[in-house]
Amino acid sequence: MEAKANGPKEEQSHSSLHGPTNPMVTPLLTDLYQFTMAYAYWKAGKHQERAVFDLFFRKNPFGGEYTIFAGLEECIQFIANFKLTEDEISFLRSSLPPNCEDGFFNYLRGIDCSDVEVCAISEGSVVFPKIPLLRIEGPVAVVQLLETPFVNLVNYASLVATNAARHRFVAGKSKTLLEFGLRRAQGPDGGISASKYCYMGGFDATSNVAAGRLFGIPLRGTHSHAFVSSFMSLDEIVDKSIRSIDGSSVCEDFVSLVQTWLSKIQWIHSLNGIFGETNQSELAAFTTYALAFPTSFLALVDTYDVMKSGIPNFCAVALALADLGYKAVGIRLDSGDLAYLSCESRKFFCAIEKEFGVAGFGKMIITASNDLNEETLDALNKQGHEVDAFGIGTYLVTCYAQAALGCVFKLVEINNQPRIKLSEDVSKVSIPCKKRFYRLYGREGYPLVDIMTGENEPPPKAAERILCRHPFNESKRAYVVPQHVEELLKCYWPGSSGKTREELPPIKEIRDRCIRQLDQMRPDHMRRLNPTPYKVSVSAKLYDFIHFLWLNEAPVGELQ
Ligand SMILES: Nc1ncnc2c1ncn2[C@@H]1O[C@H](COP(=O)(O)OP(=O)(O)OP(=O)(O)O)[C@@H](O)[C@H]1O
Ligand SMILES: O=P(O)(O)OC[C@H]1O[C@H](OP(=O)(O)OP(=O)(O)O)[C@H](O)[C@@H]1O
Ligand SMILES: O=C(O)c1cccnc1
Ligand SMILES: [Mg+2]
């Protein structure tokens, strides 16, 4: 069932700064330590010092080599409306130690994000580890307060968008992908976010009505087993009349028409022996649904027995509808061997088309659901199947294969002084400095490498050779002559910088960007098994600076 599009709230006001989708996203949606640090900064007179933080992740999820960046609009909606209320300030006063001075709470009363600059990669972009998704600059105490909500808003959004993109990659472009996860999602916010970001990652529609209304995502749905099993017999159908599609005639007894078709199907030579008596309560359910939705009839056919009952019953109702000029949509399979049952169902539909000359009957849409995930989609592809649309819930929205993306928020500069965070684990050493990022494209149009440079370095230029260095591994480096250079960071919240604010595009545009960028990737980065890592690099100058700072900050050990 396809719902009629009806003035999505989002499309009417996509660029207005109306606040985050979830009203729980307030300045208090942060960790206590952000406020205790803010107090300590304030007490030390350090709170106005200008800091630059990077938000990035260290490892791609799901064993893959790419990630989809999502959640940016919610971050901007959050800071555009960032203001502590008197109630919130009173709560903080009661939560912090009693010796915290009043002046701090007066300071909190005055803060907003008008002096914070947020630059970010465009939402829906394909992104890679270590390259900051957002660069946040402003008074250290304020920016520190943004850490937890920003990381929270980006983490799950990007994880589930990536999961959706991965499901799309396996299913293939021609399949319809429906997100059915609301009932299994991690709470209401998990459900709404899943629907929004699965659409962004390449799904076609959702069953989540609230998400349809909030974001203008196409709504789709079928019906459940309960609807089928709620019927006992055809006698329950009281109003049996239905008008033909062109309105020229009325069929007074649609039930009899369906029964006539069912007996005709039973006599088809090529189907002989497939089925005998079908389940009559199921037939009653299908007939009732068709009377309610003659223009979009779709039936769940696995309540009793797919081939012996569901499919013949569906065909009888669909053929009766065809007599009146209506074209049934198709079926949903929700159990059993989906490869086998989809192929058998297709054969049955083709046999009907051939036998009764009903054009297009063989092309009936077959939807499959039931604990689907990347692996089952892949298995179905390998076996061969006839499924046109997949309804996917639990594994998709809970991100069963990877619990979190692991975004972090690290200080890279304060008062124009670059800062570094060291770690025994080299992959956890942060890349210091306020930086710029570029994507370098090769001759064949594929992105070759992302490179970070210092803020004031000259940008890489097309057709000019540039040395790209692994940030930590001295021996890994390459000269690149890019065909095309794309600067990745754009200013989405200028603060007091005077830069122009990049518009927040509608969700459909973000989805299109995501699909386009995924299409542009070199296939070996995309494959599921042992994909090739995409190269993320730093300029020679930045490399030297990182290692200079590293040596400066790392204490020299003493051996005894
Ligand atoms: N051809 C196939 N190849 C691989 N996996 C499949 C195939 N067909 C279905 N599956 C998957 O196998 C699992 C079957 O689920 P399960 O064992 O619970 O049986 P079921 O079909 O749901 O039976 P029932 O509804 O009667 O309990 C699902 O995760 C489904 O996605
Ligand atoms: O399987 P998922 O990927 O989570 O997709 C959503 C599932 O939700 C519905 O039934 P539900 O699971 O509530 O009941 P059922 O398994 O008994 O059909 C639907 O029939 C799907 O099977
Ligand atoms: O519309 C459906 O078929 C549907 C919706 C949610 C969950 N399972 C199925
Ligand atoms: Mg289920």
Side-chain angles (χ1 to χ4, degrees), residues 1 62 159-160 163-168 170-172 175-188 190-195 197-199 201-212 217 219-230 279 282 285-286 289 298-311 314 329-347 365-402 528-529:
M1 183 81 42
F62 308 112
L159 185 70
V160 77
N163 204 17
R166 295 182 62 84
H167 281 75
R168 163 61 71 197
V170 184
K175 303 297 171 194
T176 299
L177 291 184
L178 312 172
E179 179 268 309
F180 279 175
L182 180 57
R183 65 190 62 193
R184 300 283 157 55
Q186 272 93 344
I192 293 282
S193 302
S195 303
Y197 297 114
C198 286
Y199 180 66
F203 268 55
D204 295 295
T206 178
S207 62
N208 179 347
V209 180
I217 302 171
L219 284 176
R220 291 279 293 275
T222 69
H223 65 77
S224 78
H225 295 111
F227 183 79
V228 178
S229 50
S230 75
N279 184 300
E282 182 184 60
F286 290 178
Y289 214 58
L298 192 154
L300 174 61
V301 292
D302 71 336
T303 306
Y304 302 112
D305 187 303
V306 174
M307 296 317 297
K308 291 193 172 65
S309 185
I311 293 291
F314 165 78
V329 172
I331 58 158
R332 174 160 75 101
L333 297 166
D334 190 44
S335 58
D337 183 328
L338 299 171
Y340 171 78
L341 289 172
S342 65
C343 293
E344 290 304 301
S345 303
R346 180 72 68 214
K347 275 191 227 158
I365 303 279
I366 301 177
T367 304
S369 55
N370 188 22
D371 287 339
L372 293 172
N373 56 30
E374 273 190 68
E375 274 65 42
T376 44
L377 295 181
D378 192 43
L380 292 176
N381 286 346
K382 289 187 173 128
Q383 293 159 45
H385 67 85
E386 284 291 334
V387 177
D388 304 292
F390 293 102
I392 315 182
T394 311
Y395 284 93
L396 175 69
V397 306
T398 64
C399 294
Y400 193 90
Q402 170 98 42
R528 293 184 62 240
L529 189 66

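Note that this is a predicted model, so its numbers are computed, not measured. All ligand and atom numbering here is 1-based and tracks the order in the structure.
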Open item on the list: Please check: side-chain N/O of Asp378 versus main-chain N/O of Val170, any donor-acceptor pairing under 3.5 Å?
Closed with: no
Task: Heavy atom of the protein closest to atom 3 (N) of ligand 1 (residue, atom name, distance) - done: Gln383 NE2, 2.9 Å
Task: Heavy-atom proximity to atom 23 (O) of ligand 1, best of Ala339, Ala379, Ser335 - done: Ser335
Task: atom 12 (O) of ligand 1 [closest protein heavy-atom partner, distance rounded to 0.1 Å] - done: Thr376 CG2, 4.9 Å
Open item on the list: Regarding Arg346 and Asp388, does a basic nitrogen lie under 4.0 Å from an acidic carboxylate oxygen?
Closed with: yes
Open item on the list: Measuring from atom 14 (O) of ligand 2, which candidate in Glu179, His223, Arg184, Arg332 has the nearest non-hydrogen atom?
Closed with: Arg184
Task: Nearest neighbour in protein (non-hydrogen) for atom 9 (C) of ligand 1 - done: Gly336 O, 3.2 Å
Open item on the list: Test your reading of the model: is there a side-chain donor-acceptor pair from Arg332 to the backbone of Leu298, 3.5 Å cut-off?
Closed with: no
Open item on the list: Strictly distance-based, threshold 3.5 Å: is any side-chain N or O of Ser342 a donor or acceptor partner for the main-chain N or O of Ala339?
Closed with: yes
Open item on the list: Is atom 17 (O) of ligand 1 touching the protein, meaning some protein heavy atom lies under 4.0 Å away?
Closed with: no
TODO: With heavy atoms under 4.0 Å as the rule, classify the contact between Asn370 and ligand 2 as side chain, backbone, both or neither.
DONE: backbone
Task: atom 5 (O) of ligand 2: nearest protein contact (heavy atom, Å) - done: Gly393 N, 3.5 Å
- [ ] Flag the pair Arg168 / Leu177 as yes when at least one side-chain heavy-atom distance between them is below 4.5 Å, and no otherwise.
- [x] yes
Task: Distance filter under 4.0 Å to His225 heavy atoms, resulting ligand 2 atoms - done: 18 (O)
Open item on the list: Any nitrogen or oxygen of Asp337, side chain or backbone, less than 3.5 Å from one on ligand 1?
Closed with: yes
Open item on the list: Give me the residue, atom name and distance of the protein heavy atom closest to atom 10 (O) of ligand 2.
Closed with: Arg183 NH1, 3.9 Å
- [ ] Specify whether the nearest protein heavy atom to atom 27 (O) of ligand 1 is under 4.0 angstrom away.
- [x] no
TODO: Report yes if some heavy atom in the side chain of Thr376 is under 4.5 Å from a heavy atom in the side chain of Asp371; otherwise report no.
DONE: no
Task: Heavy-atom nearest option to atom 8 (N) of ligand 1, drawn from Leu333, Asn373, Leu338, Asn370 - done: Leu338
Task: Leu380, any N or O under 3.5 Å of ligand 1 N or O - done: no
- [ ] For atom 1 (O) of ligand 2, grab the closest protein heavy atom and report residue, atom and distance to one decimal in Å.
- [x] Asp371 N, 2.7 Å
- [ ] Find out whether Phe62 and Leu159 are in side-chain contact, i.e. whether some heavy atom of one side chain is under 4.5 Å from a heavy atom of the other.
- [x] yes
Open item on the list: Would Leu372 count as a polar contact of ligand 1, with the cut-off being nitrogen or oxygen pairs under 3.5 Å?
Closed with: no
- [ ] May I ask you to identify the nearest protein heavy atom to atom 15 (P) of ligand 2, giving residue, atom name and distance to one decimal place in Å?
- [x] Asp334 OD2, 4.2 Å
Task: Distance-only side-chain donor-acceptor flag, Ser309 / Glu282, under 3.5 Å - done: yes
Open item on the list: Measuring from atom CG of Asp204 to atom CG of Leu178, what distance do you get when rounded to the nearest 0.5 angstrom?
Closed with: 7.0 Å
Open item on the list: A side-chain contact here means heavy atoms from C-beta on lying under 4.5 Å apart; do Gln383 and Asp337 qualify?
Closed with: yes
Task: Test item: Asp302 and Asn370 side chains (from C-beta on) under 4.5 Å apart, heavy atoms - done: no
Task: Thr394 neighbourhood, listing ligand 2 atoms whose heavy-atom distance to it stays under 4.0 Å - done: 2 (P), 3 (O), 4 (O)
Task: Side chain to side chain, Tyr199 and Thr206, heavy atoms closer than 4.5 Å - done: no
- [ ] Measure from atom 17 (O) of ligand 2 to the protein's non-hydrogen atoms and state whether any distance is below 4.0 Å.
- [x] no
